[in-house]
Amino acid sequence: AETANLDGLAVEARRVALLDHLARRLESLGAVAAPSRGDATGLAVHVDTVRAAERWLRGDGARDPATRVDVRLTLAAMRQQQRWSPRLYRGDTLTQEQVAENLKRLRSDLCRSGLRDTLHRFVPRPVGPRIAHVRLPEAIEVRAVDADRTETARDALLVELRTRLQQSLDILHAVVDTPRRYPNPWA
């Protein structure tokens with residue numbers, strides 16, 4: 001078994017190294033030929049490897065059941081790694097929704113033991129308690145503008161509406177806390 005020192009590597013480099021290892025495993029099982037890295041680079045090679053191994057499983061491939069199981073498990077690991085990319089979560093912090101997306105993906109991938117886990121994969125769950133903060137701006141007298149019916153009067157009315165809406169949002173932003181952010185473990 002080959003081991004590599006991955007200390008100090010970025011998350012994306014570790015992910016690519018794992019995908020390379022899984023692709024070599026599929027090659028050693030005879031499910032795929034060594035990839036020709038002509039035009040494809042990086043992760044595109046692994047997409048082709050997964051497709052080739054899936055074709056091998058659908059075809060006559062190996063008649064040995066143990067080899068077929070090994071190929072299926074290796075393919076499952078490759079698909080799981082391909083479902084996530086740290087490029088989706090750049091930056092030093094994550095929002096509560098981004099953390100929830102990752103937890104849902106991990107739960108969906110790893111928790112598969114019973115009815116409760118099956119339901120959690122399909123039924124959406126809120127990230128946290130939801131509170132609607134609603135503010136209404138002061139009403140605008142439009143009768144005078146309606147009688148005027150000029151374009152400049154309508155433009156002035158629209159500017160006034162935007163100003164009042166923005167003031168309401170500014171007041172709401174001052175009252176409501178900013179969204180909580182968490183350190184990004186993939187940064």
Side-chain angles (χ1 to χ4, degrees), residues 9-19 35 37-52 54 75-112 115-187:
L9 289 180
V11 172
E12 183 67 12
R14 289 176 185 222
R15 181 173 165 253
V16 170
L18 175 60
L19 285 168
R37 299 188 183 259
D39 294 334
T41 58
L43 298 174
V45 172
H46 299 299
V47 171
D48 295 338
T49 302
V50 167
R51 287 183 186 145
E54 287 170 343
L75 272 175
M78 286 188 82
R79 283 189 210 109
Q80 182 178 349
Q81 287 301 313
Q82 288 174 338
R83 283 186 54 203
W84 178 80
S85 175
R87 284 178 257 151
L88 296 174
Y89 305 104
R90 290 198 171 159
D92 293 334
T93 59
L94 296 175
T95 63
Q96 188 177 17
E97 281 76 16
Q98 289 172 324
V99 171
E101 287 171 8
N102 281 292
L103 289 174
K104 181 170 174 58
R105 181 187 49 78
L106 288 170
R107 183 180 190 121
S108 176
D109 287 345
L110 302 176
C111 299
R112 299 178 162 266
L115 178 63
R116 183 176 178 183
D117 291 332
T118 302
L119 288 175
H120 280 296
R121 281 198 300 276
F122 296 108
V123 176
R125 293 186 55 180
V127 174
R130 299 287 193 223
I131 301 171
H133 300 276
V134 180
R135 301 290 185 270
L136 296 174
E138 284 294 319
I140 299 174
E141 180 63 44
V142 294
R143 288 184 200 137
V145 176
D146 192 35
D148 193 4
R149 293 188 186 247
T150 63
E151 197 165 316
T152 55
R154 287 186 206 147
D155 288 344
L157 184 63
L158 188 58
V159 167
E160 179 65 22
L161 176 63
R162 286 183 180 154
T163 302
R164 290 185 184 193
L165 288 173
Q166 187 60 52
Q167 288 172 348
S168 295
L169 286 175
D170 292 341
I171 292 169
L172 181 64
H173 184 65
V175 172
V176 176
D177 293 336
T178 58
R180 186 164 182 199
R181 301 196 61 89
Y182 301 90
N184 186 354
W186 298 290

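Quick caveat, the model's predicted, so the values are computed rather than measured.
- Atom CD of residue E160 and atom CD of residue E141 lie 12.0 Å apart, to the nearest 0.5 angstrom.
- N184 and G91 make their closest contact through ND2-O, 2.9 Å (heavy atoms, listed as atom of the first residue, atom of the second, distance).
- Counted within 6.0 Å of CZ on R116, heavy atoms from surrounding residues, nucleotides or ligands total 12 or fewer; the atom is thus considered open.
- When all heavy atoms of L19 and Q82 are compared, the closest pair comes out as CD2-CG, 4.4 Å.
- Around atom CZ of R51, no more than 12 heavy atoms belonging to other residues, nucleotides or ligands sit under 6.0 Å away.
- Between the CD1 atom of I140 and the CG atom of L157 there is a distance of 5.5 Å, given to the nearest 0.5 Å.
- At least one donor-acceptor pair under 3.5 Å links the side chain of R164 to the backbone N or O of A139.
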Q: Kindly indicate, with the supporting measurements, whether the criterion side chain to side chain contact (heavy atoms under 4.5 Å, CB included) is fulfilled by L115 and L119.
A: CA-CA 6 Å; L115 178 63; L119 288 175; 4.2 Å; yes
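- A pairwise comparison of heavy atoms in V99 and Y182 identifies CG2-CD1, 3.9 Å as the closest pair.
- Between the S108 side chain and the K104 main chain, no donor and acceptor come within less than 3.5 Å of each other.
- Between T93 and Q98, the shortest heavy-atom contact is O-OE1, 4.3 Å.
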Q.
As a quick check of understanding, evaluate side chain to side chain donor-acceptor pair (under 3.5 Å) for Q166 and D170, giving each step before the final call.
A. CA-CA 6 Å; Q166 187 60 52; D170 292 341; 2.9 Å; yes
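- A 4.5 Å side-chain heavy-atom check between L110 and Q80 finds at least one atom pair inside the cut-off.
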Q. Stepwise, does the side chain to side chain contact (heavy atoms under 4.5 Å, CB included) test hold for T163 with V159?
A. CA-CA 6 Å; T163 302; V159 167; 4.2 Å; yes
Q: Test side chain to side chain contact (heavy atoms under 4.5 Å, CB included) on L18 and R14 and set out the steps.
A: CA-CA 6 Å; L18 175 60; R14 289 176 185 222; over 6 Å; no
Q: Please assess L94 against R181 for the test side chain to side chain contact (heavy atoms under 4.5 Å, CB included), listing each intermediate value before the final yes or no.
A: CA-CA 5 Å; L94 296 175; R181 301 196 61 89; 5.9 Å; no
